[in-house]
Amino acid sequence: MRDMHGHARDYIEASDKLSAALVGYGNASAMLATLEMEILLKAAYRLDSGSANRSHKHDYFKIWKDLGSEPREAILNVARERYAEHARLRNAEDVETVLKALKNAFLKGRYAYEFNEGRTLVDASEVGRQWLKDGGLPEEADLAYYPMECDGIALGCARLIEARLGIPASEGLRT
């Protein structure tokens with residue numbers, strides 16, 4: 001579990017650095033943040049169940065459903081505290097929508113060059129900006145990353161793992 005925690009830390013540090021650069025990296029930062037969340041969600045599941053269950057693959061909602069109710073509530077409490085009413089994690093339907101969208105975004109977005117074939121990064125970004133300007137809703141996007149929700153779930157998983165493994169706050173993720 002400590003190794004998974006460490007790998008997730010590496011991904012989020014890289015994601016943060018790419019986000020700070022603001023331009024020129026496409027969806028790389030969001031992909032790294034989603035991968036961090038996936039690793040931490042799987043680690044939380046392993047701690048809760050004692051099983052690796054490799055059949056979960058990238059099905060974040062399936063992993064979530066297979067978690068016990070106490071870890072799920074602990075994770076959501078951290079996420080909700082971090083983002084209050086800004087994150088779409090109010091109820092079970094919200095969590096399902098977010099986790100299914102993140103799975104879709106991860107599976108399609110990791111090969112963005114295929115998804116956006118024939119478009120430059122600038123063109124693809126412009127299509128997205130125009131779609132939002134025309135009234136498109138984030139939850140209807142082809143690739144919806146839900147950054148606050150993804151971060152909140154990752155942080156909740158990290159706090160759960162850190163508490164159960166006795167990882168000091170100084171070594172914690174997103175301190």
Side-chain angles (χ1 to χ4, degrees), residues 1-20 25-84 86-112 143-175:
M1 256 21 95
R2 284 185 183 270
D3 286 346
M4 292 176 85
H5 184 271
H7 284 295
R9 176 182 222 147
D10 293 343
Y11 285 119
I12 201 56
E13 286 176 6
S15 173
D16 288 347
K17 287 178 182 174
L18 284 174
S19 291
Y25 296 102
N27 68 343
S29 176
M31 293 301 296
L32 289 171
T34 304
L35 186 54
E36 173 219 13
M37 186 274 306
E38 176 180 331
I39 292 169
L40 291 169
L41 186 59
K42 287 178 176 180
Y45 173 80
R46 282 184 179 194
L47 275 174
D48 184 53
S49 70
S51 167
N53 194 348
R54 300 203 190 284
S55 70
H56 283 135
K57 301 191 184 209
H58 304 295
D59 194 340
Y60 310 141
F61 184 63
K62 185 174 190 315
I63 301 166
W64 181 260
K65 285 191 315 183
D66 289 348
L67 265 176
S69 60
E70 286 182 31
R72 281 196 313 260
E73 196 56 39
I75 291 165
L76 285 179
N77 285 340
V78 171
R80 290 173 181 147
E81 181 180 321
R82 171 100 172 201
Y83 289 106
H86 301 293
R88 186 177 176 176
L89 296 170
R90 294 175 303 272
N91 54 48
E93 292 79 25
D94 283 352
V95 174
E96 180 176 3
T97 296
V98 166
L99 291 174
K100 286 182 175 182
L102 288 170
K103 172 190 174 185
N104 178 62
F106 183 78
L107 292 176
K108 290 182 179 177
R110 63 188 171 165
Y111 303 115
L143 300 177
Y145 289 101
Y146 290 98
M148 289 185 293
E149 293 82 352
C150 183
D151 180 64
I153 292 168
L155 182 64
C157 289
R159 293 297 177 259
L160 178 73
I161 294 161
E162 291 158 4
R164 291 209 181 161
L165 296 180
I167 295 173
S170 61
E171 295 176 28
L173 295 175
R174 303 231 178 194
T175 53

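Bear in mind the structure is a predicted one, so any value in this text is a computation, not a measurement.
Counting only distance, with no hydrogens or angles, the side chain of N104 and the backbone of K100 share no donor-acceptor pair below 3.5 Å. K42 places no side-chain N or O within donor-acceptor distance of the main-chain N or O of Y60, the cut-off being under 3.5 Å.
The two residues R164 and P71 come nearest to each other via the heavy atoms NH2-CG, 4.0 Å. Across all non-hydrogen atoms, the minimal contact from C150 to T34 is SG-CA, 3.8 Å. For L40 against A158, the heavy-atom pair with the smallest separation is CD1-CB, 4.1 Å. The two residues A105 and Y145 come nearest to each other via the heavy atoms CB-CE2, 3.6 Å. Closest of all the heavy-atom pairs between L41 and C157 is CA-SG, 3.7 Å. Here the closest heavy-atom approach between residue H58 and residue R110 is recorded as NE2-NH1, 3.7 Å.
Applying the 6.0 Å contact sphere to CD of E81 captures no more than 12 heavy atoms from other residues, nucleotides or ligands.
Residue R72 holds its CZ atom at 12.5 Å from CG of L160, rounded to the nearest 0.5 Å. Atom-to-atom distance recorded for I63:CD1 and M37:CE is 8.0 Å, nearest 0.5 angstrom. A distance of 5.5 Å separates CD of E73 from CZ of R80, quoted to the nearest 0.5 Å. Taken from OH in Y146 to CG in D151, the straight-line distance is 16.0 Å, to the nearest 0.5 Å. A distance of 11.5 Å separates CD in E38 from NZ in K57, rounded to the nearest 0.5 Å.
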Q. Which is it for L165 and L47 under the side chain to side chain contact (heavy atoms under 4.5 Å, CB included) test, yes or no, and what are the steps along the way?
A. CA-CA 9 Å; L165 296 180; L47 275 174; 4.0 Å; yes
Q: Start with the C-alpha distance between R159 and R82, add both sets of side-chain angles, then the distance that settles side chain to side chain contact (heavy atoms under 4.5 Å, CB included), and finish with yes or no.
A: CA-CA 12 Å; R159 293 297 177 259; R82 171 100 172 201; 5.5 Å; no
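Taking the side chain as every heavy atom from C-beta outward, W64 and L76 approach each other to under 4.5 Å. The shortest side-chain heavy-atom distance between L89 and I153 falls under the 4.5 Å cut-off. Side chains of L67 and I75 form a contact here, defined as non-hydrogen atoms less than 4.5 Å apart.
Within the structure, the ring pair (Phe, Tyr, Trp, His ring centres under 6.0 Å) test picks out the following pairs touching residues 28-53 (sequence neighbours left out): Y45-H56.
For R90, the side chain to side chain donor-acceptor pair (under 3.5 Å) partners at least two apart in sequence or on another chain are D94.
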